[in-house]
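Encoded as structure tokens, the structure appears first; notes follow it.
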There are 2 protein chains.
Amino acid sequence: MSSETVSTRTRILQASLNLLEEGQGKGVRMSDIAGKAGISRQALYLHFRTRGELLIATTHYVDDLHGGEDRLTASRTAETGKERLDAFIKAWGGYLPEIYGIGKALLAMRDTDAEAAAAWDKRMQDMREGCEAAIRDLARDNALTPFYSPVQATDLLWTMLSLRNWEQLTIECGWSREEYVAGLQSMARHLFVSPP
Amino acid sequence: MSSETVSTRTRILQASLNLLEEGQGKGVRMSDIAGKAGISRQALYLHFRTRGELLIATTHYVDDLHGGEDRLTASRTAETGKERLDAFIKAWGGYLPEIYGIGKALLAMRDTDAEAAAAWDKRMQDMREGCEAAIRDLARDNALTPFYSPVQATDLLWTMLSLRNWEQLTIECGWSREEYVAGLQSMARHLFVSPP
DNA sequence: TCCTTTCTTGACACCATGTCAATTGACATG
DNA sequence: CATGTCAATTGACATGGTGTCAAGAAAGGA
């Protein structure tokens, strides 16, 4: 069977991903992952130097699975700034739930693991570039409202789209995924897109 | 000297508050607090059952010091919904930096200490009532934009004003306190206040 | 003087991460 | 068949932080 040939490393990543998704990032221990992967806790360290490294590898794994990168840059093909803004928020709204568990775990170890913090920051910085590009295209179209400078608008959009905000709106306020996307698109339009 | 009469409990709370403010919530240990308060680590447990309880007591202490509660409800005296919204955001923008360190610490132990989580949630729920009241007054004045239902508007405003967003805008994006207040007031007006 | 309260010291349990050494079982290669 | 290698196992241990416990010390009031 082909499933026999799945490498241990991959089984670990699958286990990690499953647990992180199930538990919504809540306290997933090395021993939990090892158990789920069917190996001893110590054997994890034959594949990953630290818990942080395993978590980071898990984010890459999930990106490979779903082509996360591509999806986020797809908004590039939009003609107008407004379309790009909408497309970017929609893509982000589809991506966030996939990395929510891992993101929370990574965020939780921010203080203790600098590498993990940097890995997450890098991701957020990449996302910020999407915000920046949408705002830039709005300005190019002369469609950026005069309320904020491009940098301020980028800061605000980037902040609005944070993982924590997604968590608060969907999990605490009970918004559906569609409501989240529609709500944030609406916000962004009212704040940043001037009427034609 | 009157400073001799300061109770140990109070000295502990002062030490805790100082460290939490200095360190911006970063890893303040029980032994750090004990050291700063000039007592042994174990003696802390004669006054507070757990770290979580000490942290919660510290939030009450800071509220007593600055009259946090009062300040947040002062926006009640506003005549119009728009004024109330502005006043509330301004008050919140002054309050947040004071509880930032404690808030972060409390948030960091969300997963491990249910009591601490509940204490923080309670605070956020109180803040939400301020959001709700401002939106309600806007609706009363017929000044609430038709883009969102009152509940949705409350959800959004509440989310926009979160500690994490304040952190991201001021610490990561470098906004000053004034920029934060002005920026969020501007956002809230554009999203929720319909022109007269 | 005796009692109580508060604090001290030192030791220890618990839990999670990370390390180390010794061992096993499978498999390839000469 | 003997040998070496690789991945994994087991058990023990260090570290760091929280929380507990027991025995004793200093201060103050009745």
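Below, chains carry the letters A, B, ... as their sequence lines are ordered, and counting in each starts from 1. Keep in mind that this is a model prediction, so the values were computed, not measured.
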Salt-bridge present (E22(B), K36(B); N to O < 4.0 Å): yes

Contact nearer the 5' end of DNA chain C, comparing R29(A) with Q42(A): R29(A)

Nearest-nucleotide pick for R41(A), side chain only, options being dT17(C), dA11(C), dC7(C): dT17(C)

Single-linkage hydrophobic cluster, 4.5 Å side-chain cutoff, L65(B) and L13(B) together: yes

Integer-rounded Å distance: dT9(C) C1' and Y45(B) OH: 16 Å

5'-to-3' dot-bracket of DNA chain C (Watson-Crick, G-U; under 3.5 angstrom; crossing pairs as [ ]; | other strand): ||||||||||||||||||||||||||||||

Nucleotides bounding contact with chain A, strand DNA chain D, heavy-atom threshold 4.0 Å: dA8(D) to dA12(D)

Phosphate-side-chain proximity, H47(B) and dT6(C), N/O vs OP1/OP2 below 4.0 Å: no

Residues R123(B) and D126(B) bridged, charged N to O under 4.0 Å: no

Presence of salt bridge, R76(A) and D137(A), under 4.0 angstrom: no

Sugar-phosphate only, base, or nothing, as touched by L46(B) at under 4.0 Å among non-hydrogen atoms: base

Spacing of L19(A) atom CG and Q14(A) atom CD [to the nearest 0.5 Å]: 11.5 Å

Donor-acceptor pair, side chain of S16(B) and main chain of I33(B), under 3.5 angstrom: no

Side-chain donor-acceptor contact under 3.5 Å, Y95(B) with D63(B): yes

Non-hydrogen atoms of W92(A) and M124(A) that approach each other most closely: CH2-CE, 3.8 Å

Separation of dT17(C) C1' from L55(A) CG (nearest whole Å): 13 Å

